[in-house]
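Data first, discussion second: the structure below is written as structure tokens.
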There are 4 protein chains.
Amino acid sequence: MSPRTAKQFKEIRENKSFLILNAALEMFANNGYHNTSISKIAKHANISKGLLYNYFENKEDLLIKIIDRGIEKLFQSFDTNSDGILTNEEFEFFIHENFRIIKENIPYWKLYFSMFFQPEVLSIMKDKLFMKINNLLNTIEKYYKNKGVKNPAMEARMYGAFLDGISMNYIMDPENFPLEDVKKYIIDKFCIIDNKKS
Amino acid sequence: MSPRTAKQFKEIRENKSFLILNAALEMFANNGYHNTSISKIAKHANISKGLLYNYFENKEDLLIKIIDRGIEKLFQSFDTNSDGILTNEEFEFFIHENFRIIKENIPYWKLYFSMFFQPEVLSIMKDKLFMKINNLLNTIEKYYKNKGVKNPAMEARMYGAFLDGISMNYIMDPENFPLEDVKKYIIDKFCIIDNKKS
Amino acid sequence: MSPRTAKQFKEIRENKSFLILNAALEMFANNGYHNTSISKIAKHANISKGLLYNYFENKEDLLIKIIDRGIEKLFQSFDTNSDGILTNEEFEFFIHENFRIIKENIPYWKLYFSMFFQPEVLSIMKDKLFMKINNLLNTIEKYYKNKGVKNPAMEARMYGAFLDGISMNYIMDPENFPLEDVKKYIIDKFCIIDNKKS
Amino acid sequence: MSPRTAKQFKEIRENKSFLILNAALEMFANNGYHNTSISKIAKHANISKGLLYNYFENKEDLLIKIIDRGIEKLFQSFDTNSDGILTNEEFEFFIHENFRIIKENIPYWKLYFSMFFQPEVLSIMKDKLFMKINNLLNTIEKYYKNKGVKNPAMEARMYGAFLDGISMNYIMDPENFPLEDVKKYIIDKFCIIDNKKS
DNA sequence: CATGAATGAGGTTTCATTCAT
DNA sequence: AATGAATGAAACCTCATTCAT
């Protein structure tokens, strides 16, 4: 297919749905889901309350669509090659990707993490999300297996936990986070240099 | 009959207060702060709504008291010897302590982590909490410095992030978490065996 | 009868009922009836809520007793000679009495006036109060009739209204009220000097 | 159908706002501010509780808007010529105005007077109100000064108090109040006929 | 497609009153 | 006579959602 024209892009950008999602995301992330009223979202998106209900069924639907959109985007980056086996370069690339994606949309990731601790929200997304996460962990596990690590499942899990913890810390205060040094640290700690194996 | 003594009243208050805090904690942790109404808490604690307000100023006060109680308890465990320098034994002991405390009160830790992503809730506790956390990280930093690690501040920070990530994963599904293996993994990865230094 | 002994006075003064009435009066007058809770009154009177209900049936009863006590006191001053005809000296004396009584218990008079505009409260006291007031006005009317004033009923009524208005203004800001000058003004305006008649 | 125009919306708001203010005024005046619940007002105005909060921020805001509207209206009548000096005709005219305005909206004036004795309510309006009242009294004072009265400030103050007292009496029972006779009485007592001066 | 007035259920909070001790 | 824990009705207020236009 031919690439989208500038006009098409403009249309997409101007799409009300997109605007609303952004407005809602920002407010959910900064003020919390329950603390953000539909009224405020509509005002922030410069539309009326009524119109919002033309685009989204209800408040919860809005949240789901936001999370959906984010997950989609995240796993796109990691879906390439997901069946094959990671090289060290790919492993390192994924780390960079991980933080690039977070940096790109910090509010989203605030919301994403908060979700994990709000059971009523989590239950909506749980299945879809856990499938995706398991996929990723399996890829990492294969990587470790291939490198001859003793307990690759554990290693993958610990890697995942580490990334969770670091991402959380990053999100809490992105300005003062030594991002580049941390990336190096992760690579040093979790990427298996081949002669290290011996 | 003669009226109750001051001591009797005090006892009643302490017991009831304890009951309410537990009921509220459980519900806040499982359903989220905003999703839990005072009505539901009162019902869960088998008291009237009105009585709850006899014990706590308002919903926020209830949350603060819960978090306070938890923080107090947590940092008690780590306050011993906080000025001195950790030995390896102490380092390992603290890891065991960390998980023992979490295991003891999983709902509390759910609430604790969820707090970090609910800005309007976090702001209530931020100062008190961050001071305590920094204290802990400084102790860890000294440990690494003393062991001759190159960048002890970074190492301490990464250790903290790792513990955060792992604790989070533990809380999400405590039943299926290989706790003992994980502890060993952490010790292996973050405890500096002295001849390793050279 | 012999005058009350110091001991008897002390008993009266210590009477709980008296204390409670005073505490309640003060708070009703300063903060409004609906804005004053039984709890606060009990605290202010240094007793428990429960005990208050030993002395007074309920909150409204407390109010009624307060107003009652005040009216009793007020009209005591004016009841002497109420059947006879006022001399100018008595007329002037009553003006002095009026302000002396107000000065003695400003909170009470704040409450008294506020009552007139709270129908649900007024209705409780209306009959008793209006009878007393009419008595007084009749005495004044007779005074004017005897002095040969043309429309003594109207004159008495206007005198009453004037005293209401001035008392109201006095109560609002007693400190800055030129009490003595005002008394003279009233006497000059409403007391009939006999040779003025001609 | 096409959506309502901005003008239509404005009209709806103004009409409904007016309705609510009237309903609230009536109930505040007849039952007292604290004795009137938002629920009752809404019912009286034939709207839902929620809608009331669409129009007024809260109960206090509703009260303020009512009082504001009344003060605005009252002082409009007296603002003409306020810098110049009153003639006798104007002085008399103002007396007629005073009672005309009260007669027009008795509930409002009940509320107005009741306010003075509800401290927590008064404090809301005090400053604005006292400024307006002082303005008026100054005009009266100038009138007396110009007529050569000895103590014009006192005379103005007494005039004000008298009008307060009479207005209060009028409001309490408008049906049986000899309005016209009273007006004459006031003019006779407080309007300075020029040859009286000598 | 678009508006915001309108609803009503449900949330937080207060407080007069009762009652076991 | 005295306490304050406990209740429950009712207050204020919010907000997701609907709907006439």
Side-chain angles (χ1 to χ4, degrees), chain A residues 16 34-43 46-62, chain B residues 1-6 8-13 15-17 34-42 45-62, chain C residues 16 34-43 46-62, chain D residues 1-6 8-13 15-17 34-42 45-62:
Chain A
K16 282 272 154 73
H34 285 100
N35 235 22
T36 302
S37 71
I38 292 284
S39 263
K40 281 187 212 156
I41 296 172
K43 208 164 279 167
N46 265 316
I47 59 162
S48 70
K49 260 184 296 185
L51 190 56
L52 195 151
Y53 280 87
N54 269 0
Y55 285 89
F56 301 92
E57 280 174 46
N58 51 37
K59 199 182 174 186
E60 192 179 300
D61 181 42
L62 194 48
Chain B
M1 322 279 157
S2 57
R4 274 178 274 229
T5 63
Q8 279 173 313
F9 279 127
K10 193 166 169 254
E11 243 171 61
I12 291 173
R13 280 196 82 76
N15 291 342
K16 192 71 49 150
S17 179
H34 284 104
N35 223 32
T36 302
S37 70
I38 292 286
S39 264
K40 283 184 209 157
I41 296 172
N46 265 317
I47 59 164
S48 67
K49 255 185 301 183
L51 189 57
L52 199 151
Y53 282 90
N54 188 322
Y55 284 86
F56 300 92
E57 280 176 46
N58 50 37
K59 200 180 171 186
E60 189 179 303
D61 182 43
L62 190 49
Chain C
K16 281 273 155 72
H34 285 99
N35 235 23
T36 302
S37 71
I38 293 283
S39 263
K40 282 186 210 155
I41 296 172
K43 208 164 280 167
N46 266 318
I47 59 162
S48 71
K49 259 183 300 183
L51 189 56
L52 195 150
Y53 280 88
N54 269 1
Y55 285 88
F56 301 92
E57 280 176 47
N58 51 35
K59 198 181 173 186
E60 193 180 295
D61 182 42
L62 193 48
Chain D
M1 320 286 157
S2 56
R4 276 180 271 229
T5 63
Q8 279 173 313
F9 278 126
K10 195 168 167 249
E11 244 170 61
I12 291 173
R13 280 197 84 78
N15 292 342
K16 193 69 52 146
S17 180
H34 285 103
N35 222 32
T36 303
S37 72
I38 292 285
S39 264
K40 283 186 209 155
I41 297 172
N46 266 317
I47 57 164
S48 67
K49 253 185 303 182
L51 189 57
L52 199 151
Y53 283 92
N54 187 321
Y55 283 87
F56 300 92
E57 280 176 47
N58 50 38
K59 201 182 172 185
E60 188 179 303
D61 182 41
L62 191 48

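Each chain gets a letter, A, B and so on, in the order the sequences are listed, and its residues count up from 1.
The shortest distance between the side-chain N/O atoms of A/Lys49 and the OP1/OP2 oxygens of E/dG4 is not below 4.0 Å. In terms of phosphate contacts, C/Lys16 brings a side-chain nitrogen or oxygen within less than 4.0 Å of OP1 or OP2 of F/dA2. Remark: A/Tyr53 is in phosphate contact with F/dT17, judged by side-chain N or O atoms under 4.0 Å from OP1 or OP2. Taking side-chain N and O atoms only, D/Asn54 has a distance below 4.0 Å to OP1 or OP2 of E/dA5.
The two residues D/Phe56 and D/Ser17 have their closest heavy-atom pair at CZ-OG, 3.6 Å. In terms of heavy atoms, C/His34 sits closest to D/Asn35 at NE2-OD1, 3.2 Å.
Distance A/Lys40 NZ to F/dC15 P: 6 Å, rounded to the nearest Å. Taking atom NZ of C/Lys43 as the reference point, atom P of F/dA2 lies 19 Å away to the nearest angstrom. Between C/Leu51 atom CG and E/dC19 atom C1' the separation is 15 Å, expressed in whole Å. Rounded to whole angstrom, the span from the CD1 atom of A/Ile41 across to the C1' atom of E/dT3 amounts to 18 Å. Between B/His34 atom NE2 and F/dC15 atom P the separation is 10 Å, expressed in whole Å. Per the geometry, CG belonging to C/Asn35 stands 10 Å off P belonging to E/dA16, to the nearest Å. Whole-Å rounding puts the D/Lys59 NZ to F/dA11 C1' distance at 8 Å. Distance, B/Arg4 CZ to F/dA2 P: 17 Å, rounded to whole Å.
Between B/Ile12 and B/Arg4 the shortest side-chain heavy-atom distance falls below 4.5 Å.
Within the nucleic acid shown, B/Ser48 comes within 4.0 Å of at least one base atom, counting heavy atoms only. At a threshold of 4.0 angstrom between heavy atoms, the contacts of B/Tyr55 are confined to the sugar-phosphate backbone, with no base atom among them. If you check every strand for non-hydrogen atoms under 4.0 Å, B/Thr36 touches sugar and phosphate atoms only.
Nucleotide F/dA10 is matched to E/dT13 when pairs are restricted to Watson-Crick or G-U wobble geometry with both distances under 3.5 angstrom. When both pairing distances are held under 3.5 Å, F/dA5 makes a Watson-Crick or G-U pair with E/dT18.
Taking NZ of B/Lys49 as the start and OG of B/Ser37 as the end, the distance is 8.5 Å to the nearest 0.5 Å. Residue C/Tyr53 holds its OH atom at 10.5 Å from CG of C/Asp61, rounded to the nearest 0.5 Å.
With DNA chain E read from its 5' end, the first of the two nearest nucleotides for A/Ile47 and B/Ser37 is the one closest to A/Ile47. Nucleotides of DNA chain F nearest to A/Ser39 and C/Gly50 differ in position, and the one nearer the 5' end is that of C/Gly50. Judged by closest nucleotide on DNA chain E, D/Lys10 is the one of D/Lys10 and B/Gln8 placed further toward the 5' end.
In this structure, of F/dT21, F/dC12, E/dA5, it is E/dA5 that holds the atom nearest to the side chain of D/Phe9.
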Begin from the C-alpha positions of B/Leu51 and B/Lys16 and carry the test side-chain contact (heavy atoms from CB on, under 4.5 Å) through to its verdict. CA-CA 10 Å; B/Leu51 189 57; B/Lys16 192 71 49 150; 4.3 Å; yes

